[in-house]
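Data first, discussion second: the structure below is written as structure tokens.
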There are 2 protein chains.
Amino acid sequence: MDIRQLKYFVTIAEEGKITAAAKQLHIAQPPLSRQLKQLEEELGVVLFDRNKKKNLTLTYEGEVFYKRAKDILHKLRDSILEVQELREEVAGTLAVGSTIYCAALLLSKVSQIREKHPNLMFNIWEGEPSRLHKLLENRQIDAAITTTPFYSKNIESKSLPDIPCKLVLPGINHTASAEMPT
Amino acid sequence: MDIRQLKYFVTIAEEGKITAAAKQLHIAQPPLSRQLKQLEEELGVVLFDRNKKKNLTLTYEGEVFYKRAKDILHKLRDSILEVQELREEVAGTLAVGSTIYCAALLLSKVSQIREKHPNLMFNIWEGEPSRLHKLLENRQIDAAITTTPFYSKNIESKSLPDIPCKLVLPGINHTASAEMPT
DNA sequence: ATCTCTTACGGGATTCGTAAGGATG
DNA sequence: CATCCTTACGAATCCCGTAAGAGAT
């Protein structure tokens, strides 16, 4: 099993033709055909229907594996970028947004991370969930912490450990943003 | 980037020594050392501290990548097993639990899947969330559908599309189980 | 002196590309 | 006959294992 085979498979599935996929992958068709065959043999599963049609279509098993393969490839790509950016970000800036209710969680985490990376600057934003959503989509912030997660593509949400959130200040001015260089 | 390199890296991280990891992987030390070096060069990130200590320890970047790599390997393994079992399960049995509130979603899905795989039997259980949780942990059921997801290790939860759940029968006998061969 | 990681080199395996063979519309 | 997939073969690449070197305790 090889990452390359997963990439090949995903490309074939998306192109519908081995020939077209090979062109996109900048390799010749025969190797692609072989890699697909090897993948199917290794899995013991037929991934494509080869019935007379000109376009290859995924079998049911193929569809399931396609989703998984795509997810794995995305996770791998994100993981690589994450550690690479991590190395750079030791002297970079991370913009994080939070609702006022989650500020406690955010600020305690910031303290922890700043111990590890003294040169990492934080840029902290506060706002209501809808505003955080916009900031996130515009990449003005890299992450948001909220009790009401957004459900939209290109945005992943993760559950954080429960903490007691206490409202310390009345939310008078929810649209204002605060910048904290420390 | 290669799956093998990820496996190698994870093993090294868990063993703390290249020598021990190589023994466990049934390969010689030099190739392992090289693969690790290649991985670090490809990522552009130093994964281990080589400071005079006898045991290699993960750098901060290494720790992050270790978690990601382990997750990816698990997902890959699960994906392979999933499609392989899928092929076999065409004549197998799938045990699914559901709260009474989600039965509509479950039963409609069962109908869809049974069209694809006429020989796939379903074993459907009904019960309250806490009971489903136990059944799931004991592997008596393969999956559960509920409005109140469980948060525990070895259990993954996924959000399903919203459907209107209507209570058709009063939940008189929540602890009974029903088996539906069709 | 022992343990561990790194570098050097040769054999083996895997993969690619080009070329030829089938199958389908 | 045109298009696509598959099989066959030779060349290049990559990986592994053995052997030797370097560093640290």
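Keep in mind that the numbers below use all heavy atoms, side chains included, and drop hydrogens, waters and symmetry copies. In the text below, chain A, chain B and the rest are named by the order of the sequence lines, each starting its count at 1.
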(message) Without decimals, in angstroms, what is the distance between Lys7(B) NZ and dC15(D) P?
(response) 15 Å
(message) Measure CG/Asp2(B) against C1'/dT13(D) and give the value in whole Å, please.
(response) 14 Å
(request) Look at the side-chain N and O atoms of Lys37(B) and state whether any lies under 4.0 Å from the OP1 or OP2 oxygen of dC5(C). (result) no
(request) Would you check if the side chain of Gln84(A) reaches a backbone N or O of Leu43(B) as a donor-acceptor pair within less than 3.5 Å? (result) yes
(request) Determine: side-chain N/O of Arg50(A) to OP1/OP2 of dT6(D), distance under 4.0 Å, yes or no. (result) yes
(request) May I have the distance from Arg4(B) (atom CZ) to dT14(C) (atom P), rounded to whole angstrom? (result) 12 Å
(message) Can you give me the closest heavy-atom contact between Leu56(B) and Lys17(B), atom names plus distance?
(response) CD1-CA, 4.4 Å
(request) Mark yes or no for whether Asp142(A), through its side chain, and Ala95(A), through its backbone, hold a donor-acceptor pair below 3.5 Å. (result) yes
(request) May I ask you to decide whether Lys75(A) forms a salt bridge with Asp71(A), counting only side-chain N to carboxylate O separations under 4.0 Å? (result) yes
(message) For Ala22(B), is there any backbone N or O sitting under 3.5 Å from a side-chain donor or acceptor partner on Gln29(B)?
(response) no
(message) Determine whether a donor-acceptor pair (N or O, by modelled atom type, separation under 3.5 Å) exists between the side chain of His74(A) and the backbone of Lys70(A).
(response) yes
(message) Whole angstroms only, please: what is the CD-P distance between Glu40(B) and dC5(C)?
(response) 13 Å
(message) With the threshold set at under 4.0 Å for non-hydrogen atoms, list the residues of residues 8-34 of chain A touching DNA chain D in residue-number order.
(response) Lys17(A), Ile18(A), Thr19(A), Pro30(A), Ser33(A), Arg34(A)
(message) Can you measure Leu56(B) atom CG to dC3(C) atom C1' for me and round it to whole angstrom units?
(response) 13 Å
(message) Categorize Gln38(A) for me: base, sugar-phosphate, or nothing, with a 4.0 angstrom heavy-atom threshold over every strand shown.
(response) sugar-phosphate
(request) Give the rounded distance in Å between these two atoms: CE of Met1(B) and P of dC14(D). (result) 16 Å
(message) Output the rounded distance in Å from CD (Gln5(B)) to C1' (dC15(D)).
(response) 11 Å
(message) Whether Gln35(A) contacts dT14(C) is assessed here as follows: a side-chain N or O lying under 4.0 Å from the phosphate OP1 or OP2. Is that the case?
(response) no
(request) Look at the side chain of Asp49(B) and the backbone N and O of Thr59(B), then say whether any donor-acceptor pair between them is shorter than 3.5 Å. (result) no
(request) Provide, to the nearest angstrom, the distance between the CG atom belonging to Leu36(B) and the C1' atom belonging to dT7(C). (result) 15 Å
(message) Under a 3.5 Å distance rule, please check whether Asp2(B) uses its side chain to pair with a backbone N or O of Arg4(B) as donor and acceptor.
(response) yes
(message) One thing to verify: whether Glu15(A) and Lys23(A) come together as a salt bridge, which I'm taking to mean a side-chain N less than 4.0 angstrom from a carboxylate O.
(response) no
(request) Work out how much the helix from dA1(C)-dT25(D) to dG25(C)-dC1(D) bends between its end axes, five pairs an end, to the nearest 10 degrees. (result) 30°
